[in-house]
Amino acid sequence: MRIEQLRRAIASTAQSSGFSGTILVSGREQELILEAYGHANLADNRLNKPDTRFGIASGCKLFTAIAICQLVEQGKLSFESRALEVLKGGGLAFPLFSPEITVHQLLTHSSGIGDYFDEETMDDFAELWKAVPMYTLRRLEDFLPMFQNLPMKFNPGDRFHYNNAGYIMLGLLVEAASGMAFADYVEQHIFLPCGMQHSGYFALDNLPANTALGYIEQEDGSLITNIYSIPVKGGADGGAFITATDMQLLWDGLFNHRLLNEETTALLLTPHIHEDQDNYYGYGVWITKLNGEVYKYHVMGFDPGVSFRSAFYPASGVTFAALCNRSKGAYQIMQTVEDALGGVDTPGD
């Protein structure tokens, strides 16, 4: 499909769905499409721009996985390290967790620990903050009372079960092994080497300029911001703010081995565990296969007021990102792009 046809298809979907955010499609050596739609701040009538920052929720689990892999390369951790043995040195207690849980199992959502937001049984993320005020969650350790005393759901390694708490534990492992605060580590050792100058873990009560507020649609159609619906500062399981171009730089840095060596990069991108149908999970990244070959590596994130999708398609060299400051929207744009480029179905948001 010609680029102008793709641009028109994206614009049509964005208009019909009320998409609010930024969309990037790039080829191997050039940016093909970079468009912005909707408002970053409705009250101030401030429009989204191509370089606006957006929250990406769980989309940044990939950053956490890369951080762990870097520390493995440095010999400070191993994928078979027992997580509780590493964390007990910092006085952190998980009385009901299996001592056999490994770093690999946390990375692949197969540890079996209980989650503070269990997607098998819960559907309203904002309900969490009735018991734990969201404005108290600024450090990784602030999340611990929400899950550290939960029982195991299953034995480590038995199956895949998407788990946010497991990535909080991985962030704590990054802090224990590196001696740095998690957000500082990611910004220094992942964002900086990739040239991601506009990305960071920003607090909702201290957002930098050119950052979109997230908006939640109410039953009457009105919109409210998400400032009381998500943690005040993101961490190892999600919540960074990035631009579309910075996400492109992240994929470039990963595949050009500026973050990890070739062997570790291949391990991160290995389909370690089967989720369903043609979908697998590596380390912090989803992997979709088509006819037995990898069709795409992708990340996604959903929070109240946040919808995010980004992918790299190895056969074509195309990179895609849709960053949206509404609870839904990125999936429809991804489908439009994949349909135009001969894609396959992906799970909806």
Side-chain angles (χ1 to χ4, degrees), residues 9-25 33-42 47-63 117 119 122-126 128 162 164 199 202 204 207 211-219 221-231 234 237-248 250 279 284-286 288 296 298-312 319-339 343 345-349:
I10 289 172
S12 177
T13 299
Q15 182 176 10
S16 63
S17 66
F19 179 81
S20 177
T22 302
I23 300 160
L24 171 70
V25 182
I33 295 171
L34 179 58
E35 303 284 355
Y37 300 86
H39 285 80
N41 186 318
L42 288 168
L47 297 175
N48 285 320
K49 300 187 295 184
D51 62 347
T52 297
R53 301 175 175 93
F54 294 84
I56 64 169
S58 290
C60 52
K61 283 185 171 67
L62 177 57
F63 308 155
F117 182 71
E119 296 184 7
M122 304 170 69
D123 58 13
D124 186 357
F125 193 59
L128 290 171
Y162 190 81
N164 292 290
S199 300
F202 310 125
L204 294 180
L207 292 175
T211 302
L213 299 178
Y215 285 95
I216 305 167
E217 185 173 355
Q218 303 297 285
E219 291 184 3
S222 63
L223 294 169
I224 61 172
T225 67
N226 65 353
I227 59 171
Y228 297 119
S229 300
I230 59 176
D237 63 335
F241 289 83
I242 71 168
T243 66
T245 302
D246 275 4
M247 192 64 215
Q248 166 75 59
L250 187 282
N279 294 305
V285 62
W286 298 91
T288 298
K296 65 179 174 181
H298 55 118
V299 291
M300 62 186 86
F302 316 109
D303 269 345
V306 178
S307 174
F308 168 73
R309 297 263 180 165
S310 184
F312 175 74
T319 301
F320 164 84
L323 298 81
C324 179
N325 60 333
R326 303 285 180 87
S327 299
K328 293 184 178 181
Y331 170 69
Q332 292 98 316
I333 301 298
M334 174 175 265
Q335 277 298 101
T336 296
V337 171
E338 291 186 348
D339 289 346
D345 290 338
T346 57
D349 59 15

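- Partners of Asp237 under the side chain to side chain donor-acceptor pair (under 3.5 Å) rule, at least two apart in sequence or in another chain, are Tyr116.
- Partner of Phe320 under the side-chain contact (heavy atoms from CB on, under 4.5 Å) criterion, chosen from Met334, Met247, Glu338: Met334.
- In this structure, the side chains of Val306 and Phe241 stay at 4.5 Å or more apart for every pair of heavy atoms.
- For the pair Ile242/Leu250, no side-chain contact is recorded, criterion being any heavy-atom separation below 4.5 Å from C-beta on.
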What do the steps show when you test Val285 against Phe312 for side chain to side chain contact (heavy atoms under 4.5 Å, CB included), and what is the final call? CA-CA 11 Å; Val285 62; Phe312 175 74; over 6 Å; no
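- Among all heavy-atom pairs drawn from Ala322 and Ala330, the shortest one is O-CB, 3.7 Å.
- Here CZ of Arg309 is found 14.0 Å from CD1 of Ile23. Values are rounded to the nearest 0.5 Å.
- Side-chain contact between Arg326 and Leu223: present, with at least one pair of heavy atoms (C-beta onward) separated by less than 4.5 Å.
- Between Thr52 and Ala212, the shortest heavy-atom distance links the atoms CG2-N, 3.7 Å.
- The closest side-chain heavy-atom distance from Ile230 to Pro304 is below 4.5 Å.
- In this structure, Asn41 CG and Asn325 CG are separated by 9.5 Å, a value rounded to the nearest 0.5 Å.
- At least one side-chain heavy atom of Phe308 sits under 4.5 Å from a side-chain heavy atom of Val299.
- Taking each heavy atom of Thr288 and His298 in turn, the nearest pair found is OG1-NE2, 2.9 Å.
- Looking at every heavy atom in both residues, Ser20 comes nearest to Gly38 through OG-CA, 3.8 Å.
- Here Phe19 contributes atom CZ and Cys324 contributes atom SG; the two are 4.5 Å apart, rounded to the nearest 0.5 Å.
- Considering all non-hydrogen atoms of both residues, Gln248 and Leu24 come closest at CB-CD2, 3.6 Å.
- With values rounded to the nearest 0.5 angstrom, Tyr215 atom OH is found 9.5 Å from Asn226 atom CG.
- The closest side-chain heavy-atom distance from Leu62 to Trp286 is not below 4.5 Å.
- Under the side-chain contact (heavy atoms from CB on, under 4.5 Å) criterion, Glu35 pairs with Arg7, Ile33, Tyr37, sequence neighbours left out.
- In this structure, Ser307 and Gly329 approach most closely via the heavy-atom pair OG-N, 3.5 Å.
- If you take OH on Tyr228 and CG on Leu204, they are separated by 10.5 Å, rounding to the nearest 0.5 Å.
- Remark: Ile224 engages Ile216, Gln218 in a side-chain contact (heavy atoms from CB on, under 4.5 Å) (not counting sequence neighbours).
- Asp51 and Thr243 share no donor-acceptor pair across their side chains, judged by distance under 3.5 Å alone.
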Before giving the answer on side chain to side chain donor-acceptor pair (under 3.5 Å), spell out for Thr22 and Asn48 the whole-Å C-alpha distance, their side-chain angles and the decisive distance to 0.1 Å. CA-CA 7 Å; Thr22 302; Asn48 285 320; 5.7 Å; no
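- Residues Ser58 and Asn164 are in side-chain contact: their nearest non-hydrogen atoms beyond the backbone lie under 4.5 Å apart.
- Using a 4.5 Å heavy-atom threshold, the side chains of Leu207 and Leu213 count as touching.
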